[in-house]
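Report on one structure; see the data block that follows.
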Number of protein chains: 2
Amino acid sequence: MGKGITIEDVASAAGVSRQTVSRVMNQSPRVSPEARTRVEQAIAALGYVPSLAARSMAGGRSRLLLAVFESPSPETQATLGLDRLLPAGTLACSPHGYRLLLEPIAPESAPAASDAQLAATIGAVQPDGAILLPPLDSRADLRAALESRKVPVQTLHGTGAPVENPGEAAAQHLLDRGHRQIGFITGPSDPGHAEYCLAGYRSALARKGSRAHRHFVAEDRPDLGDVLDLARAWLVPTIRPTAIITMRSEAALAVLHVAQALKLAVPRDLSLIALEDDPALARSHPPVAALHDPAPDRFAAACTRMITALENRDAPRSDPPVSAITLTERASLARAPRAI
Amino acid sequence: MGKGITIEDVASAAGVSRQTVSRVMNQSPRVSPEARTRVEQAIAALGYVPSLAARSMAGGRSRLLLAVFESPSPETQATLGLDRLLPAGTLACSPHGYRLLLEPIAPESAPAASDAQLAATIGAVQPDGAILLPPLDSRADLRAALESRKVPVQTLHGTGAPVENPGEAAAQHLLDRGHRQIGFITGPSDPGHAEYCLAGYRSALARKGSRAHRHFVAEDRPDLGDVLDLARAWLVPTIRPTAIITMRSEAALAVLHVAQALKLAVPRDLSLIALEDDPALARSHPPVAALHDPAPDRFAAACTRMITALENRDAPRSDPPVSAITLTERASLARAPRAI
DNA sequence: ATGAAAGCGCTAACAT
DNA sequence: ATGTTAGCGCTTTCAT
């Protein structure tokens with residue numbers, strides 16, 4: 001059932017020509033209200049859905065967008081979060097009749113290899129556009145491979161705001177609340193990303209003249225005991241951080257535990273922020289604040305930008321900026337207890 | 001560049017008709033070796049890639065497979081692992097000229113709603129098949145919606161082996177090594193899944209006559225202190241588990257820490273298995289064994305099964321079974337120290 | 001073994 | 001505002 005319903009069926013059911021049906025589907029203004037209604041009813045009655053392939057052939061627009069992402073290598077456990085990205089993007093596309101097509105790129109692939117791969121995909125599906133997902137958005141070779149073949153490219157940080165640094169953002173939040181002795185515990189997962197966040201933290205503190213980053217910076221260790229020891233080493237002395245930033249959520253939980261064992265009240269004596277959110281953070285006592293990267297929303301926004309750019313090839317558009325990072329405030333945050 | 005190369009271009013470059021080119025692409029045996037070679041060279045020289053849309057229209061096969069998955073709701077943080085699934089599936093499809101198309105289904109969506117959604121997708125792209133990803137593989141309504149429209153369905157557990165229960169598998173591994181006093185710490189994330197694993201653990205122990213599941217079963221808590229307390233409560237007494245299974249990797253690390261603080265050697269005095277793998281487990285001291293769900297491989301296998309079933313509509317196939325769960329053995333495992 | 005003819009379902013040009 | 005005429009790039013079916 002529902003098989004083989006074509007524009008022709010709709011046309012005869014509505015008593016018009018295929019063209020009129022086509023015009024209705026394509027929102028052409030040159031259709032009389034009556035005709036439009038009859039066509040719409042016929043479409044609904046028959047459950048007609050136009051064939052993407054046929055529209056692609058005839059109209060030259062495939063309504064397919066490439067979602068180009070880096071396929072995780074076994075060791076690079078760095079979770080891209082496709083679980084939440086892809087539904088968001090799909091949802092943004094479908095009301096416009098567009099669809100996403102996956103294009104995984106092997107990490108550190110040679111430019112020639114990925115160029116060939118993209119060439120094959122472009123030839124086969126002729127996508128109307130491509131979204132370069134991080135960390136691929138910085139690969140000039142991919143962008144060139146796409147654009148040289150007339151495939152427009154978008155990234156998550158459209159034309160607007162520059163990328164925010166999570167380490168810097170977290171530090172800034174704490175500085176704004178009066179904290180100066182702010183500790184930072186990196187995550188062991190992705191060395192490059194850890195360095196990046198750490199640098200952001202450092203520059204934020206340096207701007208405010210704090211020297212905490214000389215004393216309270218440590219590397220996260222996989223052994224829980226090491227993290228607990230570290231937390232104790234920082235929190236037992238009189239001169240101690242009034243706030244600590246951790247990259248991993250688990251480290252934040254470990255610090256919280258040590259603080260409570262030492263009778264330090266969170267957040268009164270110590271504020272906590274994790275750079276990575278996790279359900280466990282929301283359920284701990286007290287819940288721990290975390291930075292939240294609205295990547296799914298930014299991906300959806302990128303898809304929408306792409307589509308509107310495609311549809312009105314002329315009209316100048318102003319892309320509403322999307323904030324890159326937000327803080328999920330939870331009870332682990334308070335103003336600095338006093339000046340030290 | 002590379003734009004607009006059609007079968008016609010290849011045909012004239014090779015000095016043959018379009019049909020011959022088509023036959024070469026479709027592996028038809030009715031082509032002379034010389035002609036085939038000339039065509040293949042022309043294809044390579046021109047960088048020709050056949051248009052999916054055109055093939056779909058003319059041949060009635062879209063070479064598109066639907067990857068139907070449950071889109072995570074805000075609270076259902078249950079990570080499906082699309083990050084690793086999709087590249088694996090894509091890789092399995094591409095050598096055959098097939099592609100994956102995403103179809104997210106809202107969790108607990110009404111059957112009528114998802115039926116309409118699938119109908120729209122099927123009408124638009126006319127997929128040659130669909131893979132129902134867990135936990136959607138048990139939704140009879142989705143399967144019906146697909147199959148009633150002549151779209152063949154596959155799931156991760158092909159025709160072969162039944163689904164293994166992670167809790168049961170882990171318990172069985174330990175029982176095989178002589179353990180009887182085996183503890184189990186559930187995870188707080190997905191209640192249904194936790195119950196399921198716990199039941200598997202219970203039945204495995206019951207089969208061997210162990211009664212440990214009466215004493216050493218506990219619920220995981222988000223607060224680290226609670227988990228540490230629990231581990232101490234189990235490990236301090238003389239009658240204690242010789243092995244512990246945890247659902248969350250963090251809980252395993254916490255138990256490991258307590259054991260070491262109590263001067264219990266892992267794995268000599270205590271074996272540890274997590275039901276969820278994580279890079280941190282491999283880096284701890286000692287590394288902690290974990291169950292590993294080869295879902296990416298099973299997804300790739302499902303795609304391959306689908307494609308071969310599609311290509312040889314006649315030949316009877318025997319699907320090689322794929323093991324559902326494997327144990328990543330690490331230094332946290334040893335035989336039971338003694339009978340208690 | 002190869003070619004010629006006839007579409008697949010739709011849209012872009014032209015008509016009218 | 002609507003209908004008509006050509007294709008889009010392939011695969012089918014039927015000739016040769």
Side-chain angles (χ1 to χ4, degrees), chain A residues 2-40 42-43 46-64 97 122-126 128 310-311 313, chain B residues 2-40 42-43 46-64 97 122-126 128 310-311 313:
Chain A
K3 197 67 173 180
I5 301 159
T6 80
I7 196 175
E8 197 59 68
D9 302 326
V10 178
S12 60
V16 297
S17 77
R18 308 188 295 203
Q19 232 4 273
T20 305
V21 178
S22 176
R23 287 189 179 106
V24 169
M25 295 193 313
N26 295 303
Q27 329 231 46
S28 164
R30 314 189 145 276
V31 185
S32 72
E34 311 71 274
R36 161 160 287 131
T37 311
R38 301 228 310 288
V39 168
E40 280 165 346
I43 287 179
L46 297 179
Y48 166 71
V49 180
S51 150
L52 252 202
R55 303 185 86 179
S56 172
M57 284 221 68
R61 296 173 11 182
S62 64
R63 288 148 210 262
L64 254 25
I122 293 172
V125 311
Q126 313 216 5
D128 292 343
L310 252 25
E311 308 275 86
R313 284 206 155 289
Chain B
K3 196 68 173 182
I5 300 159
T6 80
I7 196 175
E8 197 59 67
D9 302 325
V10 177
S12 60
V16 297
S17 76
R18 315 189 289 204
Q19 301 331 316
T20 306
V21 178
S22 176
R23 286 185 179 108
V24 169
M25 296 194 313
N26 295 307
Q27 329 231 48
S28 163
R30 315 188 145 275
V31 184
S32 72
E34 312 72 271
R36 162 159 286 132
T37 312
R38 301 228 310 286
V39 168
E40 278 164 349
I43 287 179
L46 296 180
Y48 167 70
V49 181
S51 151
L52 253 201
R55 302 186 87 179
S56 171
M57 281 220 70
R61 296 174 7 181
S62 63
R63 286 146 211 264
L64 254 26
I122 293 172
V125 311
Q126 313 215 3
D128 292 344
L310 252 25
E311 309 275 87
R313 284 206 154 289

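Predicted model only: the values in this text are computed from it and were never measured. By convention in this document, chain letters (A, B, ...) are assigned in the order of the sequence lines, proteins followed by strands, and residues within each chain are numbered from 1.
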Can you check nucleotides 7-9 of chain C for protein contacts, nitrogen or oxygen pairs under 3.5 Å, and list what you find?
residue	atom	partner	partner atom	Å
C:dC8	O2	B:Met57	O	3.4
C:dC8	O2	B:Ala58	N	3.2
C:dG9	N2	A:Ala54	O	3.4

Q: Nearest 0.5 Å please: distance from the OG atom of B:Ser51 over to the CE atom of A:Met57.
A: 5.5 Å

Q: Please figure out whether B:Arg36 or A:Asn26 has its closest DNA chain C nucleotide nearer the 5' end.
A: B:Arg36

Q: For residues B:Val24 and B:Glu40, report the shortest heavy-atom separation together with the two atoms involved.
A: CG1-CG, 4.1 Å

Q: Could you say whether B:Val49 or B:Arg23 is positioned toward the 5' end of DNA chain D, judged by the nucleotide with the nearest heavy atom to each?
A: B:Val49

Q: Over all heavy atoms of both residues, which pair between B:Val125 and B:Ser62 is shortest? Give the atoms and the distance, please.
A: O-CB, 3.5 Å

Q: Report the residue (A:Met25 or B:Ala35) whose heavy-atom-nearest nucleotide on DNA chain C is the more 5′ of the two.
A: B:Ala35

Q | Point-to-point distance, once rounded to the nearest 0.5 Å, from CD1 of B:Ile122 to CG of B:Leu64 | A | 12.5 Å

Q: Identify the heavy atoms of A:Arg36 and A:Ser28 that sit nearest to each other, and give their distance.
A: NH2-O, 2.8 Å

Q. C:dA4 phosphate, OP1 or OP2: any side-chain N/O from B:Ser17 under 4.0 angstrom?
A. no

**Q.** Check against side-chain contact (heavy atoms from CB on, under 4.5 Å), B:Ile7 and B:Ser22
**A.** CA-CA 8 Å; B:Ile7 196 175; B:Ser22 176; 4.0 Å; yes

Q: Could you state the atom-to-atom distance from CD of B:Glu8 to C1' of C:dA4 in whole Å?
A: 12 Å

Q. What are the two closest heavy atoms between B:Leu52 and B:Gly97, and how far apart are they?
A. CD2-O, 4.5 Å

Q. Just one of A:Gln126, A:Arg55, A:Glu311 clears the side chain to side chain contact (heavy atoms under 4.5 Å, CB included) bar with A:Arg61, so which one?
A. A:Glu311

Q: Give, for atom OH of B:Tyr48 and atom CD1 of B:Ile5, the distance between the pair rounded to the nearest 0.5 Å.
A: 9.5 Å

**Q.** Shortest non-hydrogen contact from B:Ala124 toward A:Val49
**A.** N-CG1, 3.6 Å

**Q.** Inter-nucleotide C1' distance (C:dA15, C:dT11), Å rounded
**A.** 16 Å

Q. What pair of heavy atoms forms the shortest contact from A:Thr6 to A:Asp9, and how long is it?
A. N-OD2, 2.8 Å

(Q) Quick check for you: name the first and last nucleotides of DNA chain D, 5' to 3', having an atom under 4.0 Å from a heavy atom of chain A. (A) D:dA1 to D:dG9

Q: Using atom CD of A:Gln27 as one end and atom P of C:dT11 as the other, report the distance to the nearest whole Å.
A: 12 Å

Q: For DNA chain C, write out the stems as range with range, using runs of 3 or more consecutive Watson-Crick or G-U pairs with both distances under 3.5 Å.
A: C:1-11 with D:6-16, C:13-16 with D:1-4

